[in-house]
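Written below as structure tokens is the structure these notes are about.
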Amino acid sequence: MPKTGILSILPNLDARSQHSFDRLYHLVGQNTGNLLFTNAVWNQIGGPKERFSFSFDPEKLNSRLSALVIPAANWLGPTVDFSDLADCIERLTIPVVLIGLGAQDASYSGSINVPEGTVRLVKAVAARSASISVRGEYTKQILNGLGVQNVTVTGCPSLYHDFRRFTQPPSKPHVRADRGLIHSTRYSASYAPFAKADSVHRRLFRFAFARKLDILFQSEPEEMAWLAGLTKAGGLDDQLRSLLMEIYDAGDWDKLVAYWQAHGKVFYDVDEWSRSLDAYDYVLGTRLHGTIMALNSGVPAALVYHDSRTREMAEFAAIPSVSADALRLDDRSVEKLFRKSDFDAYYDRREANRAVYTNFLKAQGLTLTEC
């Protein structure tokens, strides 16, 4: 039976086996949230499967595979050019299935300057598939504007994967503000404007530190390397330490490091990530996949949407959410947010959207194991 190829990062990895943080960071695509939609697709597609990296020999795939599946992220943005991948896809004669493509825009501007290489990529995929799966109506609008019409709004594949067996949380859960897991969005702390300017992301880092709440790291290399005990952790110079203390509003470096050690959480295994959530009344922050992981593990969660990507998914999937501008970070406001959130709407919408997603996969001729 011909194999289905999946173009993705490794769905599981052992962080302890890596000898440098740079290598570990690369393996998760610089964001552990990528593990969620990668694992979802690997579990949803049935039959023999083989993983391929983003540098592949098209002729080899043409001879060995029945189709190539690509779990995607927010690739429709102005900064990333997928020319190399487009070159490879244009040489494929097998079906190509792109799942969960999202647009990256600061707002719903309706106009994104998508690089030519990325335009070539989506057009090449569109010519080789029944339809392209996108995260929401806004991404569909952007693709339509590029001349790609065979588009299906499915959301992210992680929405339809149960990361463990769980009981749906109460419609109006009671949460305690001091029993939460916070997540925010940042890459390297070396970008000084992030540290020095107010933003919802910086406010979340500061709220977690001030309240001594656990904090989830997905793409923050300095904290992640420190917690992993890998080489990059020891290379923090005085300027970088100063910026990190500014981000957290921490007056003392040793106290900040002690906070990371006591409250920092990083997961490279989705099963471990899901099980860990039993310790919390709620999960709150700007991370889309951190939110989905909690909801699909039966833990109340709310997404703070701050750009087109997060807003589009919140609207499509009925994810309990609040805009960055409306978020208030104090105990009473956090508890009120969860009392007002409609969790039944998320789980009801999830089941309705699941049928759309399943039909999309079937239309591609794929064998399914779940959904």
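The pair R164-D278 meets the salt-bridge criterion, with a side-chain N (NZ, NE, NH1 or NH2) lying under 4.0 Å from an Asp/Glu carboxylate O. Salt bridge annotation for E223-R186: present, with a cationic side-chain nitrogen under 4.0 angstrom from a carboxylate oxygen. Residues R275 and D269 are not paired through a salt bridge, judged by the lack of any N-O separation under 4.0 Å between the basic side chain and the carboxylate. The residues R120 and D87 are annotated as salt-bridged, a charged nitrogen and a carboxylate oxygen being separated by less than 4.0 angstrom.
The distance from the NE2 atom of H161 to the CG atom of N39 is 6.0 Å, given to the nearest 0.5 Å. To the nearest 0.5 Å, atom CG of residue D214 and atom NE2 of residue H263 are 6.0 Å apart. L284 contributes atom CG, which lies 12.0 Å from atom CG of L216 (distance to the nearest 0.5 angstrom). Taking CG of L244 as the start and CH2 of W226 as the end, the distance is 10.0 Å to the nearest 0.5 Å. One distance of note links OG of S133 with OH of Y357; it measures 6.5 Å at 0.5 Å rounding. Note that CG of L10 and OG1 of T38 are 9.5 Å apart. Values are rounded to the nearest 0.5 Å.
Between F316 and R135 the shortest side-chain heavy-atom distance does not fall below 4.5 Å. Inter-residue side-chain proximity for Q44 and Y160 is flagged as met; some heavy-atom pair is nearer than 4.5 Å. Side-chain contact between Y268 and M224 is present, with at least one heavy-atom pair separated by less than 4.5 Å. Between E220 and F205 the shortest side-chain heavy-atom distance falls below 4.5 Å. A 4.5 Å side-chain heavy-atom check between S188 and E222 finds at least one atom pair inside the cut-off. Counting heavy atoms from C-beta outward, E50 and R64 have side chains that approach closer than 4.5 Å. Using a 4.5 Å heavy-atom threshold, the side chains of I9 and H26 count as separate. Side-chain contact between Y259 and I215 is present, with heavy atoms from C-beta onward closer than 4.5 Å.
For the salt bridge (Lys or Arg N to Asp or Glu O under 4.0 Å) criterion with D331, the lone passing option out of K336, R211, R179 is R211.
By the neighbour-count criterion of 12 heavy atoms within 6.0 Å, atom NZ of K212 is densely surrounded, having more than that number from other residues, nucleotides or ligands. Within 6.0 Å of CZ on R23 lie no more than 12 heavy atoms contributed by other residues, nucleotides or ligands.
A donor-acceptor contact shorter than 3.5 Å links the side chain of E335 to the backbone of A177. Remark: the backbone N or O of T152 is paired with a side-chain donor or acceptor of S131 at under 3.5 angstrom. Side-chain atoms of R128 come within 3.5 Å of backbone N or O of I89 as a donor-acceptor pair. No donor-acceptor pair under 3.5 Å is formed between the side chain of R339 and the backbone N or O of K172. Of the possible donor and acceptor atoms, one in the side chain of N296 sits under 3.5 Å from a partner among the backbone N and O of L159.
Counting only N and O atoms by type, the side chains of S274 and D271 include no donor and acceptor under 3.5 Å apart. Side-chain contact annotation: S219 with R287, donor-acceptor N/O pair under 3.5 Å present. Residues N34 and Q218 have side chains that never bring a donor and an acceptor to within less than 3.5 angstrom of each other. For the residue pair Y138 and E315, no side-chain donor N or O sits within less than 3.5 Å of a side-chain acceptor on the partner. When only modelled atom types and interatomic distance are considered, S83 and E116 share no side-chain donor-acceptor pair under 3.5 Å.
The aromatic ring centres of Y25 and F21 sit less than 6.0 Å apart. For W75 and F82, the ring centers sit closer than 6.0 Å to each other.
When every heavy atom of P11 is checked against every heavy atom of R51, the shortest pair comes out as CD-CD, 4.4 Å. The two residues V153 and G136 make their nearest non-hydrogen contact at CG1-CA, 3.6 Å. Heavy-atom minimum distance, Q18 versus L24: CG-CD1, 4.0 Å. Between P169 and Y347, the shortest heavy-atom contact is CD-OH, 3.3 Å. Between I142 and S111, the closest heavy-atom pair is CD1-N, 4.4 Å.
In this structure, W260 and F217 have perpendicular ring planes: the angle between them is above 60°, well past the 30° mark. Between F37 and H289, the ring-plane angle classifies as tilted under the 30° and 60° cut-offs.
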| request: Determine, stepwise, if the pair D342 / R349 fulfils salt bridge (charged side-chain N to carboxylate O under 4.0 Å, His left out). | output: CA-CA 11 Å; D342 188 349; R349 181 77 62 83; over 6 Å; no
| message | Applying salt bridge (charged side-chain N to carboxylate O under 4.0 Å, His left out) to R206 and D198, what does each step give before you reach the verdict? | response | CA-CA 11 Å; R206 291 183 170 193; D198 178 58; over 6 Å; no
| message | Walk me through whether R16 and D14 qualify under salt bridge (charged side-chain N to carboxylate O under 4.0 Å, His left out). | response | CA-CA 5 Å; R16 295 168 298 182; D14 181 2; 3.2 Å; yes
